[in-house]
Amino acid sequence: MKIATFNINGIKARLPRLKEWLAETRPAVACLQEIKSVDENFPASELEELGYHVLVHGQKAFNGVAILTDGEAGYEPPKEVQRGLGIDGPKDGEGEQARYLEVDVAKSDGAATRIVCIYLPNGNPHPGPKFDYKLAWMDRLRARMGAIWAAEVPAAVLGDFNVIPEDDDTFSVKAMVSDALMQPESRAAYARLLADGWTDALRTLNPRGGVWTYWDYQAGAWQRDHGFRIDHVLLSPELADRLLAVGVDREHRGREKASDHAPVWATLKD
DNA sequence: ATGGTAGACGCTCTA
């Protein structure tokens, strides 16, 4: 089973690239972030034409996540377990942002895999209320992941974590040192998830670092390969034991009208 | 000295 995460930075602007990627790489499960669309405007039928089932958790203009499952390969529609972590955004009265969607995925005759799609708050500027919100969100995430762990279901948490875990996960420590993505508190919160027992799939198979998943649109970052690793796939012990391969679909970042993120995938033994 | 680009939205915010 191939599972993948892709921050598409706007479904409206990215639909052609997304369809292309799905057709070319055919993940069984695709977690999307930054759809920047309300549920009603998400072009589900366009993806259903490709054989995918679609579950959307969106909001107006910003954020928003979605999970796709490959119906053509025999997977059932994502079965919703939970949407949202029950935490309000950083501005008074705005309510919760659409950043968390948890489902069960299975074939009709098979066991379920718990899939969690996250778009973790960016947290810039640091310090400030947005950074506080990021850390609070990470606390909530850890608590929820603890509950999933306790349920002993095979589980994967995939998405844009907005955390650069180690110094060799960025082209330049100096350029990023004051950024919320690599503050010690952000890293410590991410490290706690790993200390809890979750496996960072990409890091495990590329322990020397130097693998990027994001390149800024600005300052020629892609052309200079000025990237960093912020999109992660975390696996429960059972899925970590079944891990066969991981990768970044880097080439898709270089296409016309590309997202600023590249897709990240992991294949698991069936 | 605080750039540079992109997306959604609506005259600005987020990343």
Side-chain angles (χ1 to χ4, degrees), chain A residues 5-21 31-44 46 56-66 87-100 117-138 159-165 169-183 185-187 190 212-232 250 252-264:
Chain A
T5 176
F6 190 6
N7 180 322
I8 58 173
N9 190 19
I11 185 60
K12 198 171 167 184
R14 211 68 59 218
L15 186 60
R17 291 290 86 83
L18 174 62
K19 289 171 70 173
E20 206 170 77
W21 172 70
C31 295
L32 308 179
Q33 301 87 35
E34 281 206 88
I35 63 172
K36 297 184 175 181
S37 164
V38 293
D39 295 9
E40 309 83 73
N41 292 345
F42 191 88
E46 297 247 18
V56 182
H57 176 38
Q59 69 175 81
K60 189 180 176 185
F62 305 115
N63 310 314
V65 291
I87 180 169
D88 285 344
K91 286 182 194 164
D92 285 342
E94 72 171 332
E96 181 162 18
Q97 299 182 349
R99 298 178 174 277
Y100 182 96
C117 175
I118 70 161
Y119 176 48
L120 207 147
N122 174 293
N124 279 304
H126 162 269
K130 289 186 176 179
F131 188 69
D132 297 340
Y133 167 58
K134 176 180 196 157
L135 297 182
W137 205 95
M138 292 186 84
D160 178 356
F161 281 69
N162 270 315
V163 175
I164 298 168
D169 289 314
T170 172
F171 76 100
S172 167
V173 168
K174 193 180 168 188
M176 299 302 294
V177 71
S178 61
D179 197 284
L181 275 56
M182 58 171 275
Q183 289 310 300
E185 298 96 323
S186 311
R187 285 183 164 182
Y190 184 79
W212 320 142
T213 67
Y214 171 90
W215 297 257
D216 202 291
Y217 287 126
Q218 302 180 74
W222 169 248
Q223 289 75 12
R224 299 172 174 183
D225 197 26
H226 285 185
F228 34 89
R229 187 174 76 99
I230 52 176
D231 300 275
H232 306 307
R250 219 187 122 91
H252 287 256
R253 176 62 181 83
R255 298 192 183 188
E256 286 298 310
K257 297 284 284 178
S259 170
D260 42 3
H261 295 251
V264 181

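Keep in mind that the numbers below use all heavy atoms, side chains included, and drop hydrogens, waters and symmetry copies. Chain identifiers are assigned alphabetically (A, B, ...) following the order of the sequence lines, protein sequences preceding nucleic acid strands; residue numbering begins at 1 within each chain.
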Check: Going by heavy atoms closer than 4.0 Å, what residues in residues 90-97 of chain A are next to DNA chain B?
Finding: Lys91(A)
Margin query: If you take any heavy atom closer than 4.0 Å to DNA chain B, which residues from residues 33-41 of chain A end up in contact?
Written below: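 Result for residues 33-41 of chain A: Lys36(A), sorted by number.
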Item checked: First of Ala219(A) and Asn122(A) reached from the 5' end of DNA chain B, by closest nucleotide -> Ala219(A)
Checklist line | Contact nearer the 5' end of DNA chain B, comparing Tyr217(A) with Asn162(A) | finding: Tyr217(A)
Checklist line | Residues that Asp169(A) engages under salt bridge (charged side-chain N to carboxylate O under 4.0 Å, His left out), provided they are two or more places apart | finding: Arg203(A), Arg229(A)
Item checked: Residues that Glu185(A) engages under salt bridge (charged side-chain N to carboxylate O under 4.0 Å, His left out), provided they are two or more places apart -> none
With the side chain counted from C-beta on, respond yes when [X] and [Y] share a heavy-atom pair under 4.5 Å apart, and no when they do not.
X	Y	result
Gln183(A)	Leu135(A)	no
Ile118(A)	Trp137(A)	yes
Lys12(A)	Asn41(A)	no

Check: Using a cut-off of 4.0 Å on non-hydrogen atoms, how would the nucleic acid contact of Arg99(A) be classed: base, sugar-phosphate, or nothing?
Finding: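 Sugar-phosphate only.
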Margin query: Please classify the nucleic acid contact of Tyr119(A) as base, sugar-phosphate, or nothing, using heavy-atom distances under 4.0 Å.
Written below: sugar-phosphate
Item checked: Outermost nucleotides of DNA chain B that come under 4.0 Å of a non-hydrogen atom of chain A ->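 The contacted stretch runs from dG4(B) to dA15(B).
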Mind checking the [atom1] distance from [N] to [M]? Whole angstroms is fine.
N	M	atom1	answer
dT14(B)	dG10(B)	P	14 Å
dC9(B)	dA15(B)	P	15 Å
dC13(B)	dG3(B)	P	15 Å

Check: Relative to the ring of Tyr190(A), is the ring of His232(A) parallel (under 30°), tilted (30 to 60°) or perpendicular (over 60°)?
Finding: tilted
Check: Phe6(A) vs Trp21(A) aromatic rings, parallel, tilted or perpendicular, using cut-offs 30° and 60°?
Finding: perpendicular
Check: When Ile35(A) is tested against each of Leu18(A), Val56(A), Val65(A) for side-chain contact (heavy atoms from CB on, under 4.5 Å), which residue passes?
Finding: Val56(A)
Item checked: Pairwise salt bridge (Lys or Arg N to Asp or Glu O under 4.0 Å) hits with a residue in residues 214-225 of chain A, at least two apart ->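 For residues 214-225 of chain A, and leaving out neighbouring residues, the salt bridge (Lys or Arg N to Asp or Glu O under 4.0 Å) pairs sorted by first residue read Asp225(A)-Arg250(A).
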Notebook entry, point to check: Looking only at heavy atoms, what is the nearest atom pair of Arg253(A) and Ala262(A), with distance?
Noted result: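 Closest pair (atom of Arg253(A), atom of Ala262(A), distance): CB-CB, 4.3 Å.
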Checklist line | Minimum-distance pair of heavy atoms, taken over all atoms of Ala180(A) and Asn122(A) | finding: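 Looking at all heavy atoms of both residues, the shortest contact is CB-O, 3.5 Å.
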